[in-house]
Amino acid sequence: MQMLGKLSWDAIPLNEPIPLVASGLVAVVGLLVLAWVTFKGYVPYLWREWITSVDHKRIGVMYTLLAMVMLLRGFTDAIMMRAQQALAFDAPGYLPPDHYNQIFSAHGTIMIFFVAMPFVIGLMNFVLPLQLGVRDVAFPTLNSVSFWLTASGALLVNISLLVGEFARTGWLPFPPLSELQYSPGVGVDYYIWALQISGVGTLLTGVNFVTTILKMRAPGMGLLRMPMFCWTALATNLLIVAAFPVLTATLAMLALDRYLGFHFFTNEAGGNVMMFMNLIWIWGHPEVYILILPAFGIFSEVISTFSSKPLFGYRSMVMATMAICILSFLVWLHHFFTMGAGADVNAVFGIATTIIAVPTGVKIFNWLFTMYGGRVRFTTPLLWSVAFMVTFVIGGMTGVLLAVPPADFVLHNSLFLVAHFHNVIIGGVLFGAFAGYTYWFPKAFGFCLDERLGKIAFWFWISGFYVAFMPLYVLGLLGMTRRMLRYDVPEWHPWVLLAGFGAVLILCGIIVQIVQLVVSIRNREQLRDVIGDPWDGRSLEWATASPPPVFNFAVLPNVEGEEAYWGIKQRALSEQRLGEEPVYEAIEMPRNSPTGFITAFFATVTGFALIWQIWWMVMLGLVGAFATFVVFAWRDVVEYEFPAEEVARIDRERRRARAAALPTLRQPT
C-alpha cells in the first residue's frame, strides 16, 4: 500500500449511503452518456470540434455547460441543507454532522468557483471577440488550457464525493480549523489542489482577456467606443490578474503548513492566523466584483437593446466600473470587523465599504434612465434584468447596513449575512448569467430559446428566491447563526420551513429551464435565427451570422462615430440593400490543439496524487504536463489558411439570408 500513499479502501464511505448512491448515480449517468456518444459515432466529432478546439466560441459554450452541470450539483447540496434544517427542530435530522459540514463547504466552493466563475468567464469568452470585432482571443491555445484546468478542479471536487472526503471548514478554509491538527483527513487537501489548479486556469484567462481587450480591437474601436460589457470584462480581468496570485500564494502557504510542518498560520508556533484572514479576503472581496462586474455589463447590453435606446450615461458607467475595480481592493477588512482590528481601522473600512455603493448606485440610475422613454420589450432577458435591479438594491442596502461596524458586531455570522450574500450573488451574478445565457443563446446556436418556458422559469426563480432568502433576514435578526446542524428555538422553525419551500420553488425553476432547453432544441426550426439579429441588437456580435463562422467576420468591421455599434449595423443593412460586396481575403486561423485537454489530464493526476501523497504519481503528472508544453512549443505549423473563396461563399449566404429578411427587420424609433 506504500505505492498508493494514504489511499486505501477505507477512503470509500461504504457506511454512508447518501454519498455512495449520489456518486453511483453520477457514474451511471456518465457511463450512459459515454456509451451513447460512442454508439452514435460522435467521439471523433467531439474530439475534433470541441475537446481540442481553440475557437473562443466553443470554449465559451463549454465553460457555460460546465457551470450548468455544476449548478445542479451545488443546488443539490443546498436542497440537502435546507431539508436537514427543516427536519432538525428538536431532532437530529437525517444528515450526520460530518457529512453536513462537508455539504455546506462543498456548496459554497462549487457555487463560487465552479458555477459563477465558469458562467461569467464562458459568456466573456463567447462574446468579447465578437463585440471587439476580432477573430479570436490573443492566445487561443492558452484559452483551451484555461478551460480544461477549470474542469480539472471541478472533477477533483466531485471525486471527493466518493473517494475520501471534502473540507469541513466552510467555503473558505480558515485556520486553525484547516490546519493538520484539526483537519487530519484529505478534505482540505481536495479543496487546496482543486482551487490551485482551477485558479491557475482563471489567472491565465485574466491575462488572455486583458491582452485581447487592450491590443486586439477592430479598426477604429477606441476604448471609449467599446460596448459596456467589454469595459466590465476589462475591469473583471484586471482584478483577476491582481487578486488570483494572492489566492494561489495563500493556499500554497496553507499547503506548506499541512504537508511540511511550516507555521505560517499557527499562532503558537510563530505564525499568525490573522495573516490568513487578511490574505484570503484581499483576494475574496475583489472576487465578489470579479463575479458581479460581468453581470453589470450583461444588464447594460440587455437593457439598452430591449429599450431600443443607447445606454444612458455611457462615460459615467465607464467611470463607475473602473471606480469599483479600484475600490474593491480597499474594503477587505469589513469581512472581519469582529476580530479585534480596532475602532479606527474598522471605521476606515466601514466608510470605504459605504463609498463603494456609490458607483453601483450610478449604474442602477443609468439603467433606469435607459429604460425611461424607450420602447421597452419585456422579453425574458429583460425580466432577469429588472428582477436584478430590485433584488440587488435590497442586497446593497443590507450590505451598507453590515458595513456599519456596530451593526456588524450584532449580525456577524448570522443568517442575516447569508441572506445578504445570496441576495447579491444570486440576484446579481446568477440572474445576470441567465440574462446573458438567454440573450446570446441564438447567437451561439442559431435558434432562440422558447420564450414562454423562459418566463415560467423566471417566475419560479424570482418567487423562489424571495421565499427562500427573505426569511433568513428574519432568522438572522432573531439570532440564528449560519451552518447550524440542529436547533431547539420554536420561533425559528416556521421561517426555516418557509425557506425550504423557497428552495423547492427554485428547483421547479431549474427543472423548467431544463425543459425549455429540450423543447427549444426539438422546435429549433420554428425558433431559427436566420438574420443573426433576433433582438434588434446594438453591438457588433449581431452583425455576423448565427452561429458565427469560425473566423467571426469575413471582413473586419471599421468602427466610426460616437454610437458606432448601432451605426455599423445600420450601415451594414444599407449595404445589403444596395447589394455592395466587400473584397474577401484568405484568413489565417489557429489550429486545434489537444494541449489543454492533455495538460488538464496530467494536472488532475498530479492533484489527486498530491491529495493522497502518492509521490511517484506526482512526478509522473508533472513530467507529463511539462512534456505536453514542450511538444506544443515545438510545433512547426500553428495556423491554417481559410481560403478567400470559402470566406466569400459563407458570407454571401449570410448576406442573402439577411437581404431576404430585411423587410421584416424591426427598425429603430
Side-chain angles (χ1 to χ4, degrees), residues 7 9-40 42-43 46 50-51 62-84 94-96 98-119 147-168 171 185-187 189-191 193-195 197-198 503 506-507 510-511 513-515 517-518 597 600-601 603-605 607-608 611-612:
L7 184 61
W9 285 109
D10 295 335
I12 299 177
L14 298 173
N15 59 337
E16 296 184 30
I18 294 176
L20 273 180
V21 171
S23 54
L25 285 174
V26 170
V28 168
V29 171
L31 289 173
L32 287 175
V33 170
L34 185 61
W36 179 78
V37 167
T38 305
F39 177 75
K40 288 287 189 178
Y42 293 153
V43 173
L46 289 174
W50 292 92
I51 295 173
M62 289 192 290
Y63 263 115
T64 306
L65 180 61
L66 172 66
M68 290 180 167
V69 171
M70 294 304 289
L71 174 62
L72 296 177
R73 164 70 204 277
F75 186 75
T76 301
D77 291 337
I79 285 285
M80 293 176 70
M81 285 189 291
R82 283 283 159 260
Q84 166 65 25
Y94 74 102
L95 288 173
D98 184 73
H99 192 194
Y100 179 75
N101 292 345
Q102 292 180 56
I103 284 174
F104 68 64
S105 301
H107 170 72
T109 304
I110 288 169
M111 297 302 277
I112 294 295
F113 292 100
F114 301 112
V115 176
M117 285 294 290
F119 222 143
F147 166 72
W148 287 108
L149 288 178
T150 302
S152 294
L155 178 60
L156 284 175
V157 172
N158 283 301
I159 288 174
S160 72
L161 185 66
L162 178 64
V163 184
E165 61 183 6
F166 195 66
R168 292 167 289 177
W171 77 280
V186 295
D189 302 320
Y190 267 111
Y191 179 98
W193 298 113
L195 265 61
I197 292 169
S198 63
I506 294 175
L507 175 62
I510 292 174
I511 292 171
Q513 285 176 309
I514 295 171
V515 173
L517 182 59
V518 173
F597 183 78
F601 169 78
T604 305
V605 170
F608 186 81
I611 290 163
W612 292 100

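- Legend: side chain to side chain donor-acceptor pair (under 3.5 Å) pairs involving residues 147-157, not counting sequence neighbours, sorted by first then second residue: S152-T604.
- Checked against side-chain contact (heavy atoms from CB on, under 4.5 Å), A22 has the following partners two or more places apart in sequence or in another chain: L161.
- The side-chain heavy atoms of M80 and H99, taken from C-beta on, include a pair separated by under 4.5 Å.
- Here the OG1-CG distance, from T64 to L71, works out to 12.0 Å after rounding to the nearest 0.5 Å.
- Closest approach of I611 to D189, counting heavy atoms only: CG1-O, 3.6 Å.
- The salt bridge (charged side-chain N to carboxylate O under 4.0 Å, His left out) test applied to R82 returns no partner, not counting sequence neighbours.
- The aromatic rings of W171 and F113 sit tilted, their planes meeting at an angle between 30° and 60°.
- A pairwise comparison of heavy atoms in S23 and P19 identifies OG-O, 2.6 Å as the closest pair.
- With rounding to the nearest 0.5 Å, the separation of CG in L95 from CD1 in I103 is 4.5 Å.
- Side-chain contact between I79 and I506 is absent, with no heavy atoms from C-beta onward closer than 4.5 Å.
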Kindly indicate, with the supporting measurements, whether the criterion side chain to side chain contact (heavy atoms under 4.5 Å, CB included) is fulfilled by W36 and L32. CA-CA 6 Å; W36 179 78; L32 287 175; over 6 Å; no

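- Residue pairs meeting the side chain to side chain donor-acceptor pair (under 3.5 Å) criterion with at least one member in residues 100-110, sequence neighbours excluded, are Q85-Y100, D98-Q102.
- The side chain to side chain donor-acceptor pair (under 3.5 Å) analysis of residues 157-167, with sequence neighbours excluded, yields the pairs R73-N158.
- Side-chain contact check for F147 versus L66: some heavy-atom pair is nearer than 4.5 Å.
- Legend: residues meeting side-chain contact (heavy atoms from CB on, under 4.5 Å) with A11, ordered by chain and number and at least two apart, are L7, V163, W612.
- For the pair Y190 and F608, the minimum side-chain heavy-atom distance is below 4.5 Å.
- A heavy-atom distance below 4.5 Å is found between the side chains of I514 and L72.
- Of the inter-residue distances, the one linking M70 atom CE with L65 atom CG reads 12.0 Å to the nearest 0.5 angstrom.
- Closest approach of M68 to F119, counting heavy atoms only: CE-CZ, 3.8 Å.
- The CD1 atom of I110 sits 13.5 Å away from atom CZ of F75, with the distance rounded to the nearest 0.5 Å.
- A194 approaches V157 most closely through the heavy-atom pair CB-CG2, 3.8 Å.
- Distance CZ/F166 to CG/L156: 10.0 Å, rounded to 0.5 Å.
- Taking CD1 from I511 and CD from Q513, the interatomic distance works out to 10.5 Å, rounded to the nearest 0.5 Å.
- Minimum heavy-atom separation, D77 to A106: OD2-CB, 3.8 Å.
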